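Worksheet: the structure to be examined is printed underneath.
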Amino acid sequence: MDTQHRVVIIGGGFGGLFAARALKRTPVQVTLIDRRNFHLFQPLLYQVATGGLSPANIAAPLRVLLKRQKNAEVRLGEVIDIDVANRQVILTGGAKVGYDTLIVAAGSGPHYFGHDEWQEAAPPLKSIADAEEIRRRVLLAFEAAELATDIESRRACLTFVVIGGGTTGVELTGCLSELAHHTLKRDYRHMDPGSARIMLVEGGDRILPSYPVKLSAKAVATLTRLGVEIQTGAKVINVETDAVTIRRDGRTERVLTRTILWAAGVQASPLGRLLAEKAGARADREGRIVVQPDLTVPGHPELFVVGDLAHFEHQGGKLLPGVAPVAMQQGRYAADLIGRRLQGQSLPPFRYKDRGSMAVIGRNAAVADLGWLRLSGFPAW
């Protein structure tokens, strides 16, 4: 009878994949479950959305990534329930996968702050399907502008509104500007792509709020030079198929546009609230599980939560950001702790080593915060 320790990982993103690979030399049987059979390099989705890269450039089959790892297998399926008492993961169709240790790395999705009906008009950027849909809408907008017979229609076609001034929003607007002013510059006969109005709408008082103030200001200067119109302190109060209504400084503006892109927020996978209910754990407002210093669910040392799904604030009381490096380090830590436990040992609490963050704004332009060094412009790019 095979008594090898069974580790089941939900999610093939950064957290799940790095956990699986870190278990390569550990005497366990690893099962990685994902509803997609590929790992997606999400930080470059904006390049696919604006035509800079092909989807194949940022997606790698999970089976290929793990094919040399004898103790790991990939299972395609969608998790619909977790039987914590009997240590089983339940998939669509009723299939059950037993585990001794479970690592939940299901990631996050777009957050429309109570207005999910806006998603059809303003697609997010979380998957390859999203990126391809955005690319389709952007390119069709330029085609419609070429065919437009009146100024108002053309102006609406050439107006692009990106909602959310975080890294994704900044990178999207920068790429849209590159597309309009350089890539498509000489491709049309009846209109000038460079006349496009590209708007970046942010509800807070500055874009790139997770960066130092000076780098945010550098990003504003670069985007402005690229022709991007930045509106901070602006609240989106309505999204329609052909318009966005924005309230700013007590004034309301209805912007006519056929291209609205959503980069305003994320919320944890629904598995977060499901696991909280089944394991008696606490979830925050975004659905993230509040974990212990070793990334486990309180009262359940066999349950790890990593990446965007984990609410971790045991490092100076500050919540760790939902970025790839956090997920990667947490995945490795969970795998290391599993190996130590099998040897009757333990590990100190998880600590994130922040090696910095970067945002590409446009051609030869970026901002980089490495902690000990802050760069902008060409050196950062």
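The structure presented is a predicted model; accordingly, all values stated were derived computationally and were not measured.
Within the 4.5 Å cutoff, the side chain of W118 has heavy atoms near those of the N238 side chain. The shortest side-chain heavy-atom distance between D100 and V28 does not fall under the 4.5 Å cut-off. I128 is not listed as a side-chain neighbour of V48, based on a closest heavy-atom distance of 4.5 Å or more. By the 4.5 Å heavy-atom criterion applied to side chains, D83 and Y99 are not counted as neighbours. Residues L176 and V138 meet the side-chain proximity criterion, which asks for heavy atoms closer than 4.5 Å. At least one side-chain heavy atom of S357 sits under 4.5 Å from a side-chain heavy atom of Y211. Inter-residue side-chain proximity for D294 and P349 is flagged as unmet; no heavy-atom pair is nearer than 4.5 Å. Between L200 and Q231 the shortest side-chain heavy-atom distance does not fall below 4.5 Å.
Across all their heavy atoms, I207 and S216 have their closest contact at O-OG, 2.8 Å. Between V297 and A279, the shortest heavy-atom contact is CG1-CB, 4.1 Å. Residues L76 and R36 share a closest heavy-atom pair of CD1-C, 3.6 Å. The minimum heavy-atom distance between R248 and G233, with the atom names listed, is CG-O, 3.8 Å. Residues V266 and E286 come closest through the heavy atom pair O-CG, 4.0 Å. Here the closest non-hydrogen pair linking G12 and L17 is O-CB, 4.2 Å.
Between the side chain of R154 and the backbone N or O of A145 there is at least one donor-acceptor pair closer than 3.5 Å. When atom types are taken as modelled, the side chain of D192 and the backbone of G194 share a donor-acceptor pair closer than 3.5 angstrom. For S177 (side chain) and T173 (main-chain N/O), no donor-acceptor pair under 3.5 Å exists by modelled atom type. A donor-acceptor pair is defined here as one N or O able to donate and one able to accept, closer than 3.5 Å; such a pair exists between the side chain of Q69 and the backbone of A20. Formation of a donor-acceptor pair under 3.5 Å by the E171 side chain with backbone atoms of V360 is found in this model.
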Output side-chain donor-acceptor pairs under 3.5 Å for residues 370-381, partner residues at least two apart or in another chain, one line each.
residue : atom : partner : partner atom : Å
R374    : NE   : D369    : OD1          : 3.4

Ignoring hydrogens and angles, write down the donor-acceptor pairs under 3.5 Å from the side chains of residues 159-169, residues two or more places apart or on other chains.
residue : atom : partner : partner atom : Å
T159    : OG1  : R155    : O            : 2.7

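Hydrophobic clustering of Ile, Leu, Val, Met, Phe, Trp and Tyr side chains at less than 4.5 Å, counting indirect connections, unites V74 with V97. In the hydrophobic clustering of this structure, V244 does not group with L158; members are Ile, Leu, Val, Met, Phe, Trp, Tyr whose side-chain heavy atoms approach within less than 4.5 Å, directly or through other members. Using a 4.5 Å cut-off between side-chain heavy atoms of Ile, Leu, Val, Met, Phe, Trp and Tyr, with links allowed through other members, I289 and V323 fall into the same hydrophobic cluster. Under the 4.5 Å side-chain contact rule for hydrophobic residues, V236 and L261 do not share a cluster. Transitive grouping of hydrophobic side chains (ILVMFWY, heavy atoms separated by less than 4.5 Å) keeps I103 and V290 in distinct clusters.
The salt bridge (charged side-chain N to carboxylate O under 4.0 Å, His left out) analysis of residues 48-71, with sequence neighbours excluded, yields no pairs. The ring-ring contact (aromatic ring centres under 6.0 Å, His included) contacts involving residues 37-73 comprise F14-H39, F14-F41, where partners must be two or more places apart or lie in separate chains. Sorted by first then second residue, the salt bridge (charged side-chain N to carboxylate O under 4.0 Å, His left out) pairs that include residues 342-357, not counting sequence neighbours, number zero. Each ring-ring contact (aromatic ring centres under 6.0 Å, His included) pair with one or both residues in residues 341-369, not counting sequence neighbours, appears once here: F312-F350, Y333-F350. Within the structure, ring-ring contact (aromatic ring centres under 6.0 Å, His included) contacts touching residues 161-195 (residues at least two apart or in different chains) do not occur. Identified under the salt bridge (charged side-chain N to carboxylate O under 4.0 Å, His left out) test for residues 193-203, with sequence neighbours left out: R197-E229, R197-E253. Legend: salt bridge (charged side-chain N to carboxylate O under 4.0 Å, His left out) pairs involving residues 206-217, not counting sequence neighbours: none detected.
In this structure, CG on L271 lies 12.5 Å from OG on S108, to the nearest 0.5 angstrom. In this structure, CD1 on I361 lies 8.0 Å from CG on L226, to the nearest 0.5 angstrom. Between the CD1 atom in I9 and the CG atom in D34 there is a gap of 11.0 Å [rounded to 0.5 Å]. Remark: R341 CZ to D336 CG distance equals 12.0 Å, nearest 0.5 Å. In this structure, the separation between CD on Q29 and CD on Q4 is 6.0 Å, given to the nearest 0.5 Å. Of the inter-residue distances, the one linking I151 atom CD1 with M191 atom CE reads 14.5 Å to the nearest 0.5 angstrom.
Note on E132 versus R136: no salt bridge recorded, every NZ/NE/NH1/NH2 to OD/OE distance being 4.0 Å or above. A salt bridge between K278 and D81 is present, with a side-chain N of the basic residue lying under 4.0 Å from a carboxylate O of the acidic one.
For T101, the side chain to side chain donor-acceptor pair (under 3.5 Å) partners two or more places apart in sequence, or in a different chain, are H5. Legend: residues meeting ring-ring contact (aromatic ring centres under 6.0 Å, His included) with H300, ordered by chain and number and at least two apart, are absent. When the side chain to side chain donor-acceptor pair (under 3.5 Å) test is applied to E313, the partners found at least two apart in sequence or on another chain are H311.
If you check the side chains of D130 and S127, you find a donor sitting under 3.5 Å from an acceptor.
Within 6.0 Å of the CZ atom in R254, the count of heavy atoms belonging to other residues, nucleotides or ligands exceeds 12. The environment of K126 atom NZ is dense: over 12 non-hydrogen atoms of other residues, nucleotides or ligands sit within 6.0 angstrom. For R247, the CZ atom sits in a loose shell: 12 or fewer heavy atoms of surrounding residues, nucleotides or ligands are nearer than 6.0 Å. Residue R282 qualifies as open at atom CZ: its count of foreign heavy atoms under 6.0 Å is 12 or below. The local environment of CD in E120 is sparse, with at most 12 non-hydrogen atoms from other residues, nucleotides or ligands closer than 6.0 Å.
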Problem set entry | Verdict with reasoning, L40 to L45, per side chain to side chain contact (heavy atoms under 4.5 Å, CB included) | CA-CA 9 Å; L40 177 64; L45 267 176; 4.0 Å; yes
For this session: Begin from the C-alpha positions of V239 and H115 and carry the test side chain to side chain contact (heavy atoms under 4.5 Å, CB included) through to its verdict.
Result: CA-CA 9 Å; V239 174; H115 292 281; over 6 Å; no
Problem set entry | Stepwise side chain to side chain contact (heavy atoms under 4.5 Å, CB included) check, T92 with I80 | CA-CA 6 Å; T92 301; I80 58 171; 3.4 Å; yes
For this session: Could you give me the CA-CA distance, side-chain angles and deciding distance for L140 and R258, then say whether side chain to side chain contact (heavy atoms under 4.5 Å, CB included) is met?
Result: CA-CA 10 Å; L140 284 180; R258 59 174 289 159; 4.2 Å; yes
